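Since we're looking at a predicted model, the values are computed, not measured.
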Amino acid sequence: MRILRLLLVTTLFFEVSLAQETSNRVDLDSLGNETSNKYSHYYLNFGKFDDNKQAFEVTQYLKNGTLYAKGWSKSEKFWKKTGEETTYFGSGEIKSIRIYSDTSDSSRIITYYETGAKKLEGTYEKSDDDLHPPILKTVSFWDKSGKQLITDGKGIFEDNNDNVIEKGQIVDGFQNGNWIRHNLITKERWIKLYKMGKFVSGIYIDAQNKEHKFSNAIVRPQPPGGTLAFNKYLASNFKVRDEWIGQGKIITQFVVDIDGSLVDIKVLKKVAPDIEEEIMRLLKKAPRWVPAEMYGKKIRALYTLPITIR
């Protein structure tokens, strides 16, 4: 009896970008997902292993070749961050210095204005689950004029960075109460309620001035009818041949776009070409999904789909 076993895993990338194949260069899209050169926004170069640091040097560039970040990785296949990571403005000036520890769930961060003046000091602390990114605990913050607005984790955060205005209260280092975020270019606005660093609820106001209330910071993408329905769709329509049985686990990956379409479909673990063609056929003709959301706004999300034929 032929059985098609499926396991769906959603991956929303915030910081770490996986490289699925050993290569000196890894292309990333605007969200930090590994992608093809066609969709590339950044790319990573993995350097030689440093015996003293016990890590591989990693350099990150914009697609046009502009330096974006330098750091260290415990792996040569993906950016498992360790030690000091430095990011840069397009001018080459230092934008931030973040120090990772192998023995702690927190990391220290210092950010700068392009003038070289210090902007923020704080730490990133691991969230309660693996879905959300680390939580920033702000210790000190200075505005562009050099005025210190936050001292010892207390004060009002007010920043205008790349035409994005953000303002809110900091209590004991954490966001608290209503926070306002306004993108002056896209005309999008957010009103987010926090309780000591924990997100509670919010309103997203799009460019057409339409309000979207949300209670979850992150919403995973879902196939219509849920994962069981999608599993049934694949299992019912997958045209399995006898010679395919026993091929082992086939790792596929795709991006759920903001309109729910499945794009940038690829097979990460290479198998027989005719098996790959059958997988690609089914995913390309699959019905549109319910897209992922971040703070009420639809976003692209990476999805990993292992398939075992037996």
Donor-acceptor pair, side chain of Ser215 and main chain of Ser201, under 3.5 angstrom: no
Hey, can you tell me if Tyr43 and Tyr61 have their rings parallel, tilted or perpendicular (30° and 60° cut-offs)? parallel
Determine whether Ser91 and Glu93 satisfy the following criterion, side-chain hydrogen bond (donor to acceptor under 3.5 Å, both in side chains), listing intermediate values before the conclusion. CA-CA 6 Å; Ser91 62; Glu93 297 295 326; 5.2 Å; no
Is any side-chain heavy atom of Arg300 closer than 4.5 Å to a side-chain heavy atom of Ile258? yes
May I ask you to check whether Tyr204 and Phe214 place their ring centres under 6.0 Å from each other? no
For Tyr113 and Trp142, I'd like to know if the aromatic rings sit close, meaning centre-to-centre distance below 6.0 Å. no
Should Ile250 and Ile279 count as side-chain neighbours, where that means a heavy-atom distance under 4.5 Å? yes
Can you find a pair of side-chain heavy atoms, one from Arg288 and one from Asp259, that are under 4.5 Å apart? yes
Is the shortest heavy-atom distance from the side chain of Asp264 to the side chain of Phe254 under 4.5 Å? no
Less than 4.5 Å apart, side chain to side chain, heavy atoms only: is that true for Trp79 and Leu44? yes
Honestly curious: do Tyr194 and Ile191 fall in one hydrophobic cluster under the side-chain, below-4.5 Å linking rule? no
All N/O donor-acceptor pairs, side-chain side in residues 166-173, below 3.5 Å, sequence neighbours left out:
| unit_1 | atom_1 | unit_2 | atom_2 | d |
| --- | --- | --- | --- | --- |
| Glu166 | OE1 | Arg181 | NH1 | 3.1 |
| Asp172 | OD1 | Lys154 | NZ | 3.2 |

Whether Lys74 side chain and Gln54 backbone form a donor-acceptor pair below 3.5 Å: yes
Is there a side-chain contact between Glu57 and Trp72 (heavy atoms, below 4.5 Å)? yes
How about NZ on Lys298, more than 12 heavy atoms from neighbouring residues, nucleotides or ligands closer than 6.0 Å, or not? no
May I ask you to check if Lys192 and Trp179 form a cation-pi contact, with NZ or CZ under 6.0 angstrom from the six-membered ring centre and within 45° of the axis? no
Using ring centroids (six-membered ring only for Trp), state whether Phe56 and Phe46 fall under 6.0 Å. no
Return yes if a side-chain donor-acceptor contact under 3.5 Å exists between Asn209 and Arg189, otherwise no. yes
Are the aromatic rings of Tyr112 and Phe89 close, with centres under 6.0 Å apart? no
Got Tyr233 and Leu282 here, is their nearest side-chain heavy-atom distance under 4.5 Å? yes
Answer yes or no for Arg98 and Tyr124: cation-pi contact, defined as NZ/CZ to six-membered ring centre under 6.0 Å and angle to ring axis within 45°. yes
